[in-house]
Each structure stands twice: as structure tokens, then as C-alpha cells.
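Have a look at the structure below, then the notes.
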Amino acid sequence: MPELPEVETVVRGLKKPLTGHVISKADIRRKNLRYPFPKGLAKDIEGASVRNISRRAKYILIDLSNDKTLIIHLGMSGRMTVFDSRQDSYQKHDHFVLRFDNNSEAVLNDARRFGIVDICDTDNLDAHKFFAHLGPEPLSNHFSPAYLQEKLLARKTPIKVALLDQKLVVGVGNIYASEALFDSQIDPTRPANSLNKPEINRLVPAIRRVLEAAIKAGGSSLRDYVQANGELGYFQHNWAVYNKKGQPCPGCTCDPFMTGGIQKITQGGRSTFYCPQKQN
DNA sequence: CGGCAAACCTGCGAGC
DNA sequence: TGCTCGCAGGTTTGCC
């Protein structure tokens, strides 16, 4: 579900209402999501206040006053929403609830339960197994054409598949990989090591452009995703190719009845959308 | 190490 | 209306 823009949007939405507030109660409503909830989690966080909320890759980091950081991943179907003062009772799949001193609640709802909740000493975050092997943030300067070119050298897997590898670059998921390759006019089936310098010079800024535009739009809502305030994202209206099989390519003048329009293929077990006329 | 399929889950839309 | 099938924003694991 949530890729970098969705997680970033949620993080921004959580900051204002939660920062500075004390967690009065952590309600753990089942024993596991993707993994078991950490032992003693409630005890570890109750009574602490929220110092800051940030994002690394697709993880939400809630930095607490007791020098621990609560780590949350939304998986495919997770939502993290804040309720001012909740009137209605818990919904189906509300698995983890933080109640605050001002009576507000942050609720993790995750139908498919691919999400993750973990806790870590803030000092040791970088060494945590989730983060130790991650690639650079795509919106940082560490993600440069020179870096990408070097990393792609040894990889003959299709470029679309490579972009989903979080060791190469974090945050890019299935939607934005298709969108960024369309933006840079690169055929997603090309072996990663076949991209030349001009193509890589197009791809890096295209990834940034697509992610930044999506953040501006509050992310993409396909089915589960909502912002922290419960509103939908609206970048799905700006998709050029994702989920648009058979539709005319926005950058092409060719007749979709002749070309078949946008193609849907499967790579690495996941759907890829692209325009064979524009991307090569 | 690279590459690929399968696994983890529930829900929903399409097609019959 | 109701069933089955396929597919969905991610990541890990196990096998070759």
C-alpha cells in the first residue's frame, strides 16, 4: 500500500496533533501483525511523551522522551489515523491504539496485517535490522545519478524490479516505479545494467519529481490508504500509467485502438504499467 | 550474492 | 443474489 509519499503524508499529519503529548495508554488488541508485538511494549511507551515523528524509507518513527523510538510500518493495508476524542467504538482491524493525555487517539488499522510495530533504543536506530541494509533516501543528495549508475552495473534484473529493491533506493513502490519510468521514458523491461548515462540522468530526477508531486497531493488512495486525518490522497488522479491498462498514453499521439494503449505486464510477480511507444 | 516464486492476510470487484 | 477467482501501495524466506 503506502509508498514513500503516503508514509510521508501520514508522518506530517501525525506530527502536529501528537508531538509533545504523553502516551497515557497503549492498547495492543491482538498478539501480532506481521510479527508479534514486542514484549513489554505497552510498559515501554506508556508515560513517555512524543518528542518528534519522522520517516525512514516506508517506516514511521515516533521518537519518545524516554530515548526509545516506536517503529511502525503500514504494510499493504495499514492506516494510522488520529481521532480528537473518539466517540464511536473501535472498528474492525483496529489493532494498535495510542491514547494520549489530551484524550486523542492514534489508531493503527490494518486489514491484511502485513504491518509492523517495533520499539528500539533511539541511539541504535541505524543498526536496527530494518534499517541496517537500506539504500539512500530518494529525495536526498545521496541518491545521485553517479550512485545509481554504480549500483545498477552488476544488475541484469529489469529496471522496474531493481527500483523496488529497498537496498538500491528506499521508498519507491509499485505505483511510483511505473510512474517514474514513464516520466523518464525508459522501458521497464530493460536490464538494469543496460541503462546508459543520459537515461540514468533522466531517471533520478524523474523519481524525485514523481514522489514530490505525490507528496504534494497527499499520496495516492487506491483502496485502504488515508491520511492521518482520515482524508483521501488524490494523486491517483494524476497517475499517467498505473492502473490504466488499455487507456491512451498521456504523452502519445498514437491511436490507442492501433497500439492497445497502456500495457500491463507482470514483473517479479507484480504489475507494471507502461507505454511501449513512449518508453524504450 | 543474484534471481525468482511463494508466503504472509483480508477484502473487493469481475465474471459466471 | 451468491459463488469462485484473481488481484491489491510490501517485505521476507527459501530454494536454485
Side-chain angles (χ1 to χ4, degrees), chain A residues 1-11 29-37 55-60 71-80 91-96 108-118 128-135 138 151-181 189-193 207 210-211 213-215 217-228 232-239 241-246 264-273:
Chain A
M1 123 188 238
E3 306 181 30
L4 184 151
E6 290 74 34
V7 179
E8 179 65 27
T9 300
V10 168
V11 162
R29 301 171 47 75
R30 54 172 298 122
K31 65 176 191 301
N32 66 301
L33 296 176
R34 181 188 182 93
Y35 305 116
F37 281 93
R55 177 191 60 74
R56 171 74 173 112
K58 298 172 191 169
Y59 294 86
I60 300 167
I71 303 166
I72 296 176
H73 194 292
L74 299 176
M76 289 279 258
S77 56
R79 311 168 163 206
M80 190 83 191
Q91 303 292 302
K92 198 173 180 183
H93 308 306
D94 283 353
H95 302 310
F96 181 59
L108 176 62
N109 180 293
D110 183 7
R112 294 176 72 182
R113 305 205 302 272
F114 292 167
I116 297 168
V117 175
D118 203 1
H128 191 285
K129 62 172 176 176
F130 296 157
F131 307 119
H133 305 292
L134 289 181
K151 293 302 264 189
L152 293 184
L153 274 181
R155 312 216 36 184
K156 33 186 202 185
T157 199
I159 183 61
K160 155 64 162 39
V161 175
L163 288 180
L164 297 182
D165 180 354
Q166 304 293 296
K167 292 197 284 298
L168 183 73
V169 59
V170 302
V172 179
N174 205 39
I175 293 176
Y176 301 109
S178 278
E179 292 295 315
L181 287 166
T189 64
R190 292 265 304 281
N193 62 5
I207 290 170
V210 165
L211 294 177
I215 291 170
S220 298
S221 288
L222 189 59
R223 44 172 59 78
D224 298 298
Y225 167 74
V226 295
Q227 304 184 38
L232 297 176
Y234 54 95
F235 193 72
Q236 65 276 15
H237 303 302
N238 296 336
W239 290 341
V241 289
Y242 186 81
N243 230 5
K244 292 185 174 281
K245 177 183 175 183
K264 176 181 178 175
I265 60 173
T266 300
Q267 297 181 284
R270 323 221 28 210
S271 295
T272 299
F273 298 84

Using atom [atom1] of [X] as one end and atom [atom2] of [N] as the other, report the distance to the nearest whole Å.
{"X": "A:Gln267", "N": "C:dC7", "atom1": "CD", "atom2": "P", "result": "15 Å"}
{"X": "A:Tyr59", "N": "C:dG10", "atom1": "OH", "atom2": "P", "result": "12 Å"}
{"X": "A:His133", "N": "B:dC1", "atom1": "NE2", "atom2": "C1'", "result": "13 Å"}
{"X": "A:Arg34", "N": "B:dT10", "atom1": "CZ", "atom2": "C1'", "result": "15 Å"}
{"X": "A:Leu163", "N": "C:dG10", "atom1": "CG", "atom2": "C1'", "result": "15 Å"}
{"X": "A:Asp94", "N": "B:dT10", "atom1": "CG", "atom2": "C1'", "result": "15 Å"}
{"X": "A:Asn243", "N": "B:dC12", "atom1": "CG", "atom2": "C1'", "result": "13 Å"}
{"X": "A:Asp224", "N": "B:dT10", "atom1": "CG", "atom2": "P", "result": "13 Å"}

Review point. Closer to the 5' end of DNA chain B via nearest nucleotide, is it A:Lys156 or A:Arg223?
Key: A:Lys156
Using a 4.0 Å heavy-atom cut-off across all strands, classify [X] as base, sugar-phosphate, or nothing.
{"X": "A:Tyr35", "answer": "sugar-phosphate"}
{"X": "A:Ser220", "answer": "base"}
{"X": "A:Lys167", "answer": "nothing"}
{"X": "A:Arg113", "answer": "sugar-phosphate"}
{"X": "A:Lys129", "answer": "nothing"}
{"X": "A:Gly173", "answer": "sugar-phosphate"}

From the set [options], return the single nucleotide nearest to any side-chain atom of [X].
{"X": "A:Gln166", "options": "C:dA8, C:dG10, C:dT11", "value": "C:dT11"}
{"X": "A:Arg270", "options": "B:dC4, B:dG11, C:dT11", "value": "C:dT11"}
{"X": "A:Phe114", "options": "B:dC9, C:dA8, B:dG11", "value": "B:dC9"}
{"X": "A:His73", "options": "B:dG11, C:dG10, B:dC9", "value": "C:dG10"}
{"X": "A:Lys58", "options": "C:dT11, B:dG11, C:dA8", "value": "C:dT11"}

Check your understanding: Have A:Arg34 and A:Asn32 got a donor and an acceptor in their side chains that come within less than 3.5 Å?
Key -> no
Review point. If we ignore angles and hydrogens, is there a donor and acceptor under 3.5 Å between the side chains of A:Asn109 and A:Lys92?
Key: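 Per modelled atom types, A:Asn109 and A:Lys92 side chains form no pair under 3.5 Å.
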Answer yes or no: is there a side-chain heavy-atom contact under 4.5 Å between [X] and [Y]?
{"X": "A:Ile175", "Y": "A:Phe235", "result": "no"}
{"X": "A:Asn193", "Y": "A:Arg155", "result": "no"}
{"X": "A:Ile116", "Y": "A:Tyr35", "result": "yes"}

Review point. Taking both distances under 3.5 Å as the test for a Watson-Crick or G-U pair, what stems of at least three pairs does DNA chain C have?
Key: B:2-8 with C:10-16, B:10-16 with C:2-8
Under 4.0 Å between a side-chain N or O of [X] and OP1 or OP2 of [N]?
{"X": "A:Thr157", "N": "B:dC4", "result": "yes"}
{"X": "A:His93", "N": "B:dC9", "result": "no"}
{"X": "A:Arg155", "N": "B:dG3", "result": "yes"}
{"X": "A:Ser271", "N": "C:dA8", "result": "yes"}

Review point. In this structure, which one of A:Val10, A:Leu74, A:Val7 forms a side-chain contact (heavy atoms from CB on, under 4.5 Å) with A:Tyr225?
Key: A:Val10
Exercise for review: Please work out whether the ring planes of A:Tyr59 and A:Phe130 are parallel, tilted or perpendicular, with thresholds of 30° and 60°.
Suggested key: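 A:Tyr59 vs A:Phe130 ring planes: parallel.
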Review point. When you check the gap from the basic side-chain N to the acidic O, do A:Asp224 and A:Arg112 get nearer than 4.0 Å?
Key: no
Check your understanding: Is A:Lys244 atom NZ crowded by more than 12 heavy atoms from other residues, nucleotides or ligands, each under 6.0 Å away?
Key -> yes
